[in-house]
Amino acid sequence: MKLAERMSRIGVESAFDVLVRARAIEAQGRSVVHLEIGEPDFPTPAHIVEAAKKALDEGWTHYGPTAGQPELREAIARYVAESRGIPVGPQNVSVVPGGKPIIFFPMMALLEPGDEVIYPNPGFPIYESMIRFLGATPVPIPLIEDRGFSFDLNLFRDRLSDRTKLVILNSPQNPTGGVIPYDDLKVIADLVRDRDLMVLSDEIYSRIHYGGEPPASITAFPGMLDKTIILDGFSKTYAMTGWRMGYGVMPPWLVDAVTKLMVNSNSCTASFTQRAGIAALEGPQDCVTRMVAEFRRRRDAICQGLNQVPGFRCAVPGGAFYAFANIAGTGMKSKPLADMLLEEYGVSCLSGACFGEYGEGYVRFSYANSLDNLLEAVDRIRKASVRWEAAMVS
Ligand SMILES: Cc1ncc(COP(=O)(O)O)c(C=O)c1O
């Protein structure tokens, strides 16, 4: 049986493929330090797990409203209104199984062949996958290391066209850890405000940042709330990747469209996990503070270590839990270098090119692993560096 033509245009997420390869190497009895997958290594906080257990005992095991339980939609609206300083209510909220469906469903609802989508490159691979899958036209904008991995704003302005239907922003960013500065967001808002387009603002890492002020959201600028979809969720903030629960905040007409796609695909997000979601948002937040403090220690250690590896240069990221090392000085391409680190030195990491063409020349290390393991990884990478140093000499 032949698959539909559109399936030839859908992409994948390399982190999952590399994880499988790393596990196969471990199965041969070799040690691997896992710095490929993007998920907090901490357990889900106990009070959230308890809330889910209680919900199961109470019988939250049936279908619920497709757009999400009213109490959770209200809790999300309160949280998003307060954290971003914007007037949103439960009618703006769509609860879905993970953050990813807020890429899939709104793009499915909005895009037609020929529509142009501006998106960050290197960037989360699902953006480009979905753009191509839907027959829309990808318009990648390179992230500039010297600008803290933000856009070249002149280029952004030049790439906007009458066919631009969607602009995707991601801050804090995967894979670079970059945070879009407030002033850049203001320029972007000024450029798109009067255009007939939507903005998808992927804020899944909004709580994992290392500056004083939380990263700004484009929704806070005048006129932007009506044309923005915020993507956020529980996966990263509360170490709940396996629970599959996320949400989008958007104008009600788009909530309706997403709800139709949800009823055709999932019916609803699991009911007992939604009770746990309420506990996550309304319970104590010191678990998040502690996790971010630990990520900061690890960030400082891995960046310092990577900067001592010959041929590597690693900017200190402002958010998320990724170090995006520039490897131009090694004389190697990203994929062969990442493959060598995994296969010969037991350090599982991702080639920057997995995140798009402008990721070439970089390797992503997720520092969602213990400090000891990070130091071990740096030690192994330092040992590997004799290989590229020798190749440079000969
Ligand atoms: C930038 C970005 N957006 C969205 C997601 C999806 O999150 P979830 O696991 O909740 O679907 C991820 C996960 O890695 C991500 O890095």
Side-chain angles (χ1 to χ4, degrees), residues 11-19 34-42 44 48 68 72 76 94-107 117 119-131 140 143 149-150 166-180 199-209 215 217-218 228-250 258 262 265-266 269-270 273-274 276-277 280-281 295 317-324 349-350 352 354-356 359 364-368:
V12 290
E13 203 182 331
S14 310
F16 290 99
D17 297 338
V18 175
L19 180 63
H34 287 277
L35 307 183
E36 76 288 80
I37 203 85
E39 66 172 344
D41 53 317
F42 306 102
T44 303
I48 301 175
L72 178 57
I76 291 169
S94 231
V95 179
V96 288
K100 264 183 185 163
I102 296 297
I103 303 172
F104 197 98
F105 293 142
M107 286 178 75
V117 183
Y119 65 105
N121 185 321
F124 190 47
I126 303 307
Y127 307 144
E128 186 174 328
S129 166
M130 281 303 296
I131 296 166
L143 298 183
F149 292 109
S150 200
L166 185 68
V167 170
I168 303 178
L169 303 175
N170 175 210
S171 175
Q173 213 252 350
N174 177 11
T176 64
V179 176
I180 307 178
V199 175
L200 172 60
S201 181
D202 185 341
E203 303 179 9
I204 195 97
Y205 296 101
S206 56
R207 297 280 291 277
I208 305 176
H209 63 90
S217 169
I218 194 157
T228 305
I229 306 144
I230 296 178
L231 179 164
D232 204 342
F234 299 84
S235 299
K236 317 285 177 179
T237 306
Y238 300 104
M240 291 174 74
T241 48
W243 293 64
R244 308 315 300 140
M245 193 167 37
Y247 55 86
V249 176
M250 62 196 93
V258 168
M262 267 293 282
S265 52
N266 294 276
T269 304
T273 61
Q274 292 191 54
L281 286 175
F295 277 144
F321 38 72
Y322 306 112
F324 202 57
C349 52
L350 296 185
C354 298
F355 300 92
R364 189 193 83 169
F365 300 94
S366 160
Y367 48 87

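Order of listing sets the numbers, starting from 1, for every ligand and every atom in it. Because the structure is a prediction, the values reported are computed rather than measured. One-based numbering along the sequence shown.
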Of the side chain and backbone of [X], name the one, both, or neither that has a heavy atom under 4.0 Å from an atom of ligand 1.
{"X": "Tyr205", "answer": "side chain"}
{"X": "Arg244", "answer": "side chain"}
{"X": "Lys236", "answer": "side chain"}

Would you please name every residue forming a salt bridge (Lys or Arg N to Asp or Glu O under 4.0 Å) with Glu203, sequence neighbours left out?
->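 Residues passing salt bridge (Lys or Arg N to Asp or Glu O under 4.0 Å) with Glu203: Arg84.
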Heavy-atom donor-acceptor pair, [X] side chain to [Y] backbone, under 3.5 Å:
{"X": "Ser366", "Y": "Ile37", "result": "yes"}
{"X": "Gln274", "Y": "Gly68", "result": "no"}
{"X": "Asn174", "Y": "Thr176", "result": "no"}
{"X": "Gln173", "Y": "Ile180", "result": "no"}

Does an N or O anywhere in Asn170 fall below 3.5 Å from an N or O of ligand 1?
->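 Not met; the criterion fails.
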Mind checking whether Lys100 has an N or O less than 3.5 Å away from an N or O of ligand 1?
->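 Yes, there is a polar N/O contact under 3.5 Å.
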Measuring from the heavy atoms of Tyr127, does anything fall under 4.0 Å of ligand 1?
->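 In this structure, Tyr127 qualifies as a contact of ligand 1 - some heavy atom is under 4.0 Å.
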Which option, Asn174, Ile103, Asp202, owns the non-hydrogen atom nearest atom 2 (C) of ligand 1?
->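 Residue with the shortest heavy-atom distance to the ligand atom: Asp202.
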Nearest candidate to atom 8 (P) of ligand 1, where distance is taken over non-hydrogen atoms, out of Gly242, Pro97, Gly99, Ala15 |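 Selected option, by shortest heavy-atom distance: Gly99.
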Provide, to 0.1 Å, the distance between atom 12 (C) of ligand 1 and the closest protein heavy atom, together with that atom's residue and name.
->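 Result: Phe124 CZ, 3.4 Å.
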Could you check atom 10 (O) of ligand 1 against the protein and tell me its nearest heavy-atom contact, residue, atom and distance included?
->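 I find the closest protein heavy atom is Ser235 OG, 2.6 Å.
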Candidate pair Tyr205 and Phe321, rule ring pair (Phe, Tyr, Trp, His ring centres under 6.0 Å), full reasoning | CA-CA 9 Å; Tyr205 296 101; Phe321 38 72; 5.6 Å; yes
For Asp41, side chain to side chain contact (heavy atoms under 4.5 Å, CB included) partners two or more places apart =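 Expected list: Phe295, Arg298, Ala368.
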